[in-house]
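The block underneath contains the structure these notes are about, expressed in structure tokens.
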Amino acid sequence: MDVGDERVALVDEHGHVVGAAPRREVRRRNLRHMATGVIVRNRLGLVYVHLRTPTKDVFAGMHDCCAGGVVGAGETPEQAAYRELAEELGVTGVTLVPVLVDAYADDVTRYVAYVYEALWDGPMRHQPEEVAWGGWMTLEELAERLADPGWPFVPDSGALVTRWLADRLAAREEVPGGWDSVATLVEGRWVDRVPRRPEVAATLRTETRLLPWLGPQLPIPVPQPVVVCEDPLRVRHPMLPGLAGGPYDRGLGRSLGRFLRALHAVPVAAAVARGVPGAAAAAAQRDEQLRRFAAEVVPMLPAGVRVRARRLLDAVGRAPHDSLVHADLGPEHLLVSEGRLSGVIDWSDSYVGDPALDLSWVLHGAPAEFAAGVAGAYGVDAELRERSLQWHRLGPWHEVTYGWDTDQPAYVESGLSGVLARL
């Protein structure tokens, strides 16, 4: 049957079906009909945008963020949406979530729209007669394109999704803290991170190569970040369940102990190949940091503790570099959900270093039952415990230099108090 002979459901201004007519008659007389649209998003929240072929009967050669079309006589809007999605993009087996019902009218088309949202991470198979090109966009990029009058976009979808797009762009909540990156909770489902300083961009990119490889080797989930925008750089991952801050018990400690044992056993060469600083580079960076501590922090300490301070720096300078380490493992980076450890986050400081570093807060700052669970499952010996204590004592020194580098005297003050308390 010729496409122009397809019978289309006609509706009144309230969306009630009042009859049917051939598609060509609907177009010729601009009859009010029923239509569907499906916004396809992937697991990172990006929207699939496609280019309509130059042979389409309306809005030919324009971009669209909805897969859809007219509702046939005898079809429900949902049935039509599933059919159009399969025909245009080859997407099947998804669940359609209703987004809105609204009316649209202009000089070439007039209809009541039923718009849905679908989640899809599989391949797209374009219908050659309908779709000339397609690609994923962030909501920010889509909004920017829609604001460009020189970018050809179908007017009906543009009008229909404006509120949907604005609502989701507004669903952003900055996560407090973060020395290196600005973290934002997106729609309650994803976490975006943007570097605070240019040099941090490289470490975020390293995470996108490291963590997808590392995750399957670990017994606790870690983020799976992906670059979703290059300028400015934005890295996104699906939010892991759980909250930071405990409570921590012996059982959770055993889980973390097994996790750290697995982490410290991964092949370091493979981690370095994915951009993690290797032993030589990490040792050089550590030594430079220790020299800075000796030159800038030690002179600010009371004379009576300076000898102990220098001994600490000397001891840390002899630490081995033989394992992949998280390097910033504290309560803010451990997620707990329903009584289990559900995620270990923020891997931007990872490098090949001393495994004792990852045990510093765990053994010397965490609750005793939790620490005992970690120690037992990991197999902590006296030497490892002593090195972890040295790293624990060094922690506040970084706060001092961070405060200087970012011109935040409060960090300098609290860091110095911590240095004295731990020495």
Side-chain angles (χ1 to χ4, degrees), residues 178-181 196-200 202-203 206 260 263-264 268 271-272 275-330 332-333 346-365 380-423:
W179 285 5
D180 296 326
S181 303
R196 292 187 185 274
R197 304 179 304 282
E199 62 271 20
V200 177
T203 63
T206 294
L260 290 175
L263 171 64
H264 298 158
V268 295
V272 172
V276 172
Q285 184 177 12
R286 175 203 62 190
D287 292 344
E288 177 57 34
Q289 185 69 70
L290 294 178
R291 281 192 290 270
R292 184 181 181 191
F293 287 160
E296 300 178 19
V297 180
V298 171
M300 298 185 67
L301 302 176
V305 300
R306 290 178 189 172
V307 171
R308 273 180 284 163
R310 293 191 182 97
R311 287 176 180 166
L312 173 62
L313 299 182
D314 289 342
V316 172
R318 295 190 295 271
H321 283 264
D322 55 14
S323 301
L324 177 65
V325 296
H326 179 281
D328 192 18
L329 196 64
E332 69 277 14
H333 297 149
D346 197 348
W347 291 77
S348 56
D349 291 327
S350 299
Y351 65 90
V352 177
D354 182 4
L357 173 59
D358 285 342
L359 293 162
S360 58
W361 167 79
V362 172
L363 297 181
H364 305 286
V380 174
D381 59 21
E383 180 185 355
L384 194 60
R385 186 178 294 275
E386 176 59 27
R387 290 209 315 273
S388 69
L389 179 58
Q390 294 164 358
W391 285 110
H392 179 68
R393 288 171 173 164
L394 194 69
W397 297 60
H398 296 277
E399 189 175 357
V400 177
T401 55
Y402 175 79
W404 282 332
D405 292 342
T406 58
D407 194 25
Q408 299 185 72
Y411 278 113
V412 177
E413 183 177 350
S414 64
L416 286 172
S417 295
V419 170
L420 293 172
R422 294 189 187 183
L423 281 176

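The closest side-chain heavy-atom distance from His326 to Asp349 is not below 4.5 Å. Within the 4.5 Å cutoff, no side-chain heavy atoms of Leu329 are placed close to those of Leu359. The side-chain heavy atoms of Tyr351 and Thr203, taken from C-beta on, include no pair separated by under 4.5 Å. Side chains of Leu389 and Leu363 form no contact here, defined as non-hydrogen atoms less than 4.5 Å apart. The side-chain heavy atoms of Asp322 and Val268, taken from C-beta on, include no pair separated by under 4.5 Å. No side-chain heavy atom of Leu357 sits under 4.5 Å from any side-chain heavy atom of Asp328. The side-chain heavy atoms of Leu416 and Val297, taken from C-beta on, include a pair separated by under 4.5 Å. You'll find the side chain of Pro302 reaches within 4.5 Å of the side chain of Leu420, heavy atoms only.
Tested against Glu288, the residues Arg292, Gln285, Arg291 include a single side-chain hydrogen bond (donor to acceptor under 3.5 Å, both in side chains) partner, Arg291.
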Show your working on side-chain contact (heavy atoms from CB on, under 4.5 Å) between Val200 and Ser348 and close with a plain yes or no. CA-CA 8 Å; Val200 177; Ser348 56; 5.7 Å; no
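Inspection of the Asp346 and His333 side chains reveals an N or O donor paired with an N or O acceptor under 3.5 Å. Side-chain contact of Arg422 with His364: a donor-acceptor pair under 3.5 Å is absent, judged by distance alone. For the 3.5 Å distance criterion, the side chains of Glu296 and Thr401 fail to qualify, holding no donor opposite an acceptor.
Between Val352 and Ala282 the shortest heavy-atom distance is O-CB, 3.4 Å. Between Ala294 and Pro299 the shortest heavy-atom distance is O-CD, 3.5 Å. Of all non-hydrogen atoms in Val298 and Arg306, the two that sit nearest each other are O-NE, 3.6 Å.
In this structure, Gln408 places its CD atom where more than 12 heavy-atom neighbours from other residues, nucleotides or ligands lie under 6.0 Å away.
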